[in-house]
Amino acid sequence: MSNFTAEDKAAITSLWAKVNVEDAGGETLGRLLVVYPWTQRFFDSFGSLSSPSAIMGNPKVKAHGAKVLTSLGEAIKNLDDLKGTFGQLSELHCDKLHVDPENFRLLGNVLVTVLAVHHGKEFTPEVQASWQKMVAGVASALGSRYH
Amino acid sequence: MVHFTAEEKVAITSLWSKMNVEEAGGEALGRLLVVYPWTQRFFDNFGNLSSPSAILGNPKVKAHGKKVLTSFGDAIKNMDNLKTTFAKLSELHCDKLHVDPENFRLLGNVMVIILATHFGKEFTPEVQAAWQKLVSAVAIALGHKYH
């Protein structure tokens, strides 16, 4: 289990308080699908993903992105028990959705990029380090029930 | 060999032309050492790496970061021929420096974050995609001569 210091938690929660979860969710999932196009295979039913602007404007992408980031918001309230928080989602992603856990790491990196885009210099090396630890912890927790 | 489209080359070169290689180099290497602390093992003789501010202010980190990014600039002038451009550096990193190629991917990700913090919304999904492709290709080229 990843050990988050008080500084890590402060860096994570203070930035998160400024995030518009709906907008950031759509942007994060959209960027995943643009930057790592093979991830589109998980979203066949989402309609047009034919270009970056189609992807970024796609209402299903935005809605699902918001759902994913809302779930991440739950994780942020439970940083000391990520495996517990994500136990059921881990089973879902393995047993029903058949998502390779590598994709959790890709999404984590995209989220870090989105935070960097929006927060600029405020996204200092120390803040980045805390967030990188966070997304790594989430990816690990989401992969923890795979078999 | 990785193929870059005309749009990708423009996205990469136009952003690169606005970068201060010296500052960005120091920041890239500094962030690597802060965000992924185990990478400090390669820089034992760099002096004080005891805290984020020590790392980011360390003159050897800045100088070496500049060297690394200058080399990256060479890659950008030779995007269609990365393996040849990095052949000698690949041998050096394998035979003399003993650097695990995974670290090239980590440094590439740090560079993407720096671009995101500096360029904000200008670092669009399409621009991010082009840069992610470049840093991946550079990481592969640097790992190419490993044995």
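Everything quoted here is computed from the prediction, not taken from an experiment. Letters A, B, ... mirror the listed sequences (proteins, then strands); counts begin at 1.
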For the hydrophobic clusters of this structure (ILVMFWY residues joined by side-chain heavy atoms under 4.5 Å, transitively), does one cluster hold both [X] and [Y]?
X	Y	result
B:Phe72	B:Phe42	yes
B:Leu56	B:Leu29	no
B:Val135	B:Phe104	yes

Does any backbone or side-chain atom of [X] lie under 4.5 Å from a heavy atom of chain A? Answer side chain, backbone, both or neither.
X	result
B:Tyr36	side chain
B:Ile114	neither
B:Gln132	side chain

Can you tell which part of A:Glu126 gets under 4.5 Å to a heavy atom of chain B, answering side chain, backbone, both or neither?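 Answer is both: backbone and side chain atoms of A:Glu126 are under 4.5 Å from chain B.
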
Identify which part of A:His118 has an atom lying under 4.5 Å from any heavy atom of chain B, answering side chain, backbone, both or neither.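 Looking at A:His118, just its side chain touches chain B.
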
Picking from A:Ile55, A:Val114, A:Val34, which has the most non-hydrogen pairs under 4.5 angstrom with chain B? A:Val34

Tell me whether the count of non-hydrogen atoms from other residues, nucleotides or ligands lying under 6.0 Å of [atom1] in [X] goes above 12.
X	atom1	answer
A:Glu91	CD	yes
B:His64	NE2	yes
A:Glu74	CD	yes
B:Lys133	NZ	yes

[atom1] of [X] to [atom2] of [Y]: how many Å apart, nearest 0.5 Å?
X	Y	atom1	atom2	value
B:Thr124	A:Arg31	OG1	CZ	6.5 Å
B:Thr117	A:Lys121	OG1	NZ	6.5 Å
B:Asn109	A:Thr113	CG	OG1	7.5 Å

Mind listing the closest non-hydrogen atom pair of B:Arg31 and A:Pro125 along with its distance? NH1-N, 3.6 Å

